[in-house]
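Below is one structure; the comments refer to it alone.
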Amino acid sequence: MAQGKEAQKLIANNKKAYHDYFIDETYEAGVALHGTEVKSMRMGKCSIKESFIRIEAGEVYVYGMHVSPYEKGNIFNKDPLRPKKLLMHKYEINKLAGKVAEKGYTLVPLEVYFKNGRAKVRVGLARGKKLFDKRQDIAKKDQRRETERDFKVKNL
């Protein structure tokens with residue numbers, strides 16, 4: 001592969017996280033997986049819709065990340081919902097632990113992808129949205145859609 005180019009293949013993304021949270025910062029973390037889980041992820045069988053991230057004893061774990069069992073894996077398949085360890089640098093973990101200790105911050109997985117053959121998770125440091133914030137976002141999207149539609153009609 002040419003140097004400087006990074007091949008990325010998106011497996012799963014969490015659109016609900018962008019709807020429910022303000023994402024302040026993002027980090028990239030590797031995922032510790034077993035062999036059949038990697039094969040299943042290469043086939044695109046992964047979901048992070050209801051998943052969340054916790055820091056326990058200086059290590060980062062993602063809970064609720066569903067990796068479907070590999071069909072040809074038989075006895076080597078692991079529990080699809082087992083907590084998976086995220087691989088990050090110690091200083092990043094300490095920084096995130098300090099931020100999460102503040103009121104209102106949480107960690108959410110935003111997307112899962114392969115980067116140069118390795119499974120990665122994009123972790124977002126997020127603050128919860130209130131109901132009126134969600135309504136404002138929906139109104140902005142509707143307004144943008146209307147202006148795009150008007151612009152498209154004028155240019156035909």
Side-chain angles (χ1 to χ4, degrees), residues 1-138 140-141:
M1 187 178 280
Q3 203 168 11
K5 287 192 175 182
E6 296 174 346
Q8 283 193 2
K9 180 187 169 203
L10 185 67
I11 300 165
N13 63 355
N14 192 354
K15 292 180 182 176
K16 192 174 180 187
Y18 290 101
H19 182 262
D20 291 341
Y21 300 101
F22 292 113
I23 308 299
D24 289 347
E25 297 177 39
T26 60
Y27 296 89
E28 183 178 78
V31 189
L33 297 170
H34 290 82
T36 55
E37 290 177 322
V38 176
K39 289 182 177 191
S40 183
M41 283 179 81
R42 287 201 189 281
M43 293 170 61
K45 306 233 170 133
C46 177
S47 172
I48 55 171
K49 287 220 185 334
E50 298 295 322
S51 58
F52 59 95
I53 297 173
R54 279 203 186 130
I55 299 174
E56 297 172 356
E59 295 182 338
V60 185
Y61 292 94
V62 61
Y63 292 88
M65 179 173 151
H66 187 278
V67 178
S68 298
Y70 185 57
E71 290 99 30
K72 300 176 181 116
N74 58 41
I75 62 167
F76 299 108
N77 281 332
K78 300 288 182 190
D79 177 27
L81 288 172
R82 75 175 181 85
K84 290 151 190 73
K85 185 176 178 181
L86 297 182
L87 309 171
M88 298 178 81
H89 292 287
K90 198 59 139 180
Y91 68 89
E92 286 180 327
I93 294 172
N94 292 337
K95 183 178 176 184
L96 287 174
K99 289 278 191 176
V100 170
E102 289 180 27
K103 188 175 182 234
Y105 276 107
T106 187
L107 294 173
V108 291
L110 301 175
E111 55 188 30
V112 179
Y113 55 94
F114 276 106
K115 181 176 175 182
N116 294 335
R118 301 191 192 291
K120 303 282 185 181
V121 174
R122 186 160 321 282
V123 176
L125 183 66
R127 285 181 294 123
K129 283 186 182 178
K130 302 282 190 261
L131 184 61
F132 63 87
D133 291 328
K134 293 179 191 178
R135 286 187 187 141
Q136 285 176 347
D137 284 352
I138 292 169
K140 285 179 188 175
K141 283 181 190 174

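- The environment of OH in Y21 is sparse: at most 12 heavy-atom neighbours from other residues, nucleotides or ligands sit within 6.0 Å.
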What do the steps show when you test M65 against E37 for side chain to side chain contact (heavy atoms under 4.5 Å, CB included), and what is the final call?
CA-CA 11 Å; M65 179 173 151; E37 290 177 322; over 6 Å; no

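- Ring geometry for Y91 versus H89: interplanar angle under 30°, hence parallel rather than tilted (30 to 60°).
- A donor-acceptor pair under 3.5 Å is absent between the side-chain atoms of K15 and the main chain of N13, judged by distance alone.
- When all heavy atoms of L110 and A17 are compared, the closest pair comes out as CD2-CB, 3.9 Å.
- Under a 3.5 Å cut-off, the side chain of K99 and the backbone N or O of L125 do not form any donor-acceptor pair.
- Within the model, atoms CZ of F114 and CZ of R42 stand 4.0 Å from one another, a figure rounded to the nearest 0.5 Å.
- Defined by atom type and a distance below 3.5 Å, a donor-acceptor pair is present between the side-chain atoms of Y113 and R122.
- Residues P109 and S51 approach most closely at CG-OG, 3.0 Å, considering heavy atoms.
- Atom CD of E111 sits about 10.5 Å away from atom CD1 of I11, to the nearest 0.5 Å.
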Audit row: V121, K84, side chain to side chain contact (heavy atoms under 4.5 Å, CB included) steps and yes/no:
CA-CA 11 Å; V121 174; K84 290 151 190 73; over 6 Å; no

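- Taking the side chain as every heavy atom from C-beta outward, V123 and V62 never approach each other to under 4.5 Å.
- Using a 4.5 Å heavy-atom threshold, the side chains of K16 and K49 count as separate.
- Open room surrounds CD on E50; 12 or fewer heavy atoms of other groups in view lie less than 6.0 Å from it.
- Tested against L86, the residues I93, L107, V31 include a single side chain to side chain contact (heavy atoms under 4.5 Å, CB included) partner, V31.
- For the atom pair NE2 of H66 and CD1 of I48, the computed distance is 13.5 Å after rounding to the nearest 0.5 Å.
- The two residues A32 and R82 make their nearest non-hydrogen contact at O-NH2, 3.6 Å.
- The distance from atom CZ of R118 to atom CD of E28, rounded to the nearest 0.5 Å, is 11.5 Å.
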Apply the test side chain to side chain contact (heavy atoms under 4.5 Å, CB included) to residues L96 and Y105: give CA-CA distance (whole Å), side-chain angles for both, the deciding distance (0.1 Å), then the verdict.
CA-CA 10 Å; L96 287 174; Y105 276 107; over 6 Å; no

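- Nearest heavy-atom pair across Y63 and R54 is CE1-CB, 3.9 Å.
- With sequence neighbours excluded, no residue forms a side-chain hydrogen bond (donor to acceptor under 3.5 Å, both in side chains) with K120.
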